[in-house]
Amino acid sequence: NNREKQAMYEVTIKKSFAAAHILKEIGGKCEDLHGHNFLVEVTVAGERLNDEELLIDFRDLKRWTNEILDELDHKYLNEVEAFRDINPSSERVAKYIHDRLAPQVQAVNLRVACVTVWESDNARVAYRP
């Protein structure tokens, strides 16, 4: 195949929020109420820049992400509707952020490539659809 491979651009932002949760039936201290200062990285990807030569304006991506994180910030995640019937693990938080953000990102012809959730300086999960 002689087709030239299309370049891919990625833009990543970082935001944080604080929340508490209980992880049921996994054993250990995580079954007790505890909290994290979560650090979230959102990466969007696309092949074409817009008329301003940007993939996406950082400010737009930050605003959309903040709207989602505001729903989780300083909350007991087990009581947030999306997590009532599942363990609010960092994996589930990452997927939740992706699923809430994807329609806005798709509306500007981009895709959410990855959502990474750090629950400490040395423990993270990544969700790639």
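The minimum heavy-atom distance between A20 and L33, with the atom names listed, is CB-CD1, 3.9 Å. Summarising the geometry of P88 relative to H21, their closest heavy-atom pair is O-ND1, 2.8 Å, with the distance given to 0.1 Å.
With sequence neighbours left out, the side chain to side chain contact (heavy atoms under 4.5 Å, CB included) criterion links N37 to A18. Looking at residues two or more places apart in sequence or on another chain, you find a side chain to side chain contact (heavy atoms under 4.5 Å, CB included) between E71 and Y96, R100. By the side-chain hydrogen bond (donor to acceptor under 3.5 Å, both in side chains) test, E52 pairs with N50, sequence neighbours left out. In terms of the side-chain hydrogen bond (donor to acceptor under 3.5 Å, both in side chains) criterion, residue partners of S89 (sequence neighbours excluded) are, by chain and number, E91. For the side-chain hydrogen bond (donor to acceptor under 3.5 Å, both in side chains) test, residues two or more places apart in sequence or in another chain that qualify with K95 are D99. Applying the side chain to side chain contact (heavy atoms under 4.5 Å, CB included) criterion to E53, with sequence neighbours excluded, gives L49. In this structure N87 satisfies the side chain to side chain contact (heavy atoms under 4.5 Å, CB included) test together with L23, K24, I26, sequence neighbours excluded.
Put simply, the side chain of H98 never gets that close to the backbone of V115: no donor and acceptor are under 3.5 Å apart.
Side-chain contact between I56 and Y9: absent, with no pair of heavy atoms (C-beta onward) separated by less than 4.5 Å. Looking only at side-chain heavy atoms (C-beta outward), T116 and V40 stay at 4.5 Å or farther from each other.
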Side-chain atoms of residues 77-84: list all donor-acceptor pairs with protein atoms under 3.5 Å, sequence neighbours left out, distances to 0.1 Å.
| from | atom 1 | to | atom 2 | distance (Å) |
| --- | --- | --- | --- | --- |
| N78 | OD1 | I22 | N | 2.8 |
| N78 | ND2 | I22 | O | 2.9 |
| E81 | OE1 | R84 | NE | 2.9 |
| R84 | NH1 | E79 | O | 3.4 |
| R84 | NH2 | E79 | O | 3.2 |

Taking only distance into account, with no hydrogens and no angle test, what donor-acceptor pairs under 3.5 Å do side-chain atoms of residues 122-129 form with protein atoms, sequence neighbours excluded?
| from | atom 1 | to | atom 2 | distance (Å) |
| --- | --- | --- | --- | --- |
| N122 | OD1 | S120 | OG | 2.9 |

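With a 6.0 Å radius and a threshold of 12 heavy atoms from other residues, nucleotides or ligands, D121 has its CG atom at or below the threshold.
Residues Y76 and I68 do not share a hydrophobic cluster, defined by chaining ILVMFWY side chains whose heavy atoms lie under 4.5 Å apart. Note on W118: it does not cluster hydrophobically with L101, by side-chain heavy-atom contacts below 4.5 Å among ILVMFWY residues. Tracing side-chain contacts under 4.5 Å through hydrophobic residues (I, L, V, M, F, W, Y), one reaches L72 starting from V112; they form part of the same cluster. L110 and L54 are not part of a single hydrophobic cluster, where members link through side-chain heavy atoms under 4.5 Å apart.
The stretch residues 10-20 participates, sequence neighbours left out, in these side chain to side chain donor-acceptor pair (under 3.5 Å) pairs: T12-T43. Pairs engaging residues 59-69 under the salt bridge (Lys or Arg N to Asp or Glu O under 4.0 Å) rule: D57-R59, D60-R63 [sequence neighbours left out]. Sorted by first and then second residue, the salt bridge (Lys or Arg N to Asp or Glu O under 4.0 Å) pairs with a member in residues 38-50 form an empty list; sequence neighbours excluded.
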Would you sort out whether V93 and F17 count as a side chain to side chain contact (heavy atoms under 4.5 Å, CB included), showing the intermediate values?
CA-CA 12 Å; V93 170; F17 73 98; 4.0 Å; yes
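Tested against R92, the residues I97, V117, I86 include a single side chain to side chain contact (heavy atoms under 4.5 Å, CB included) partner, I86.
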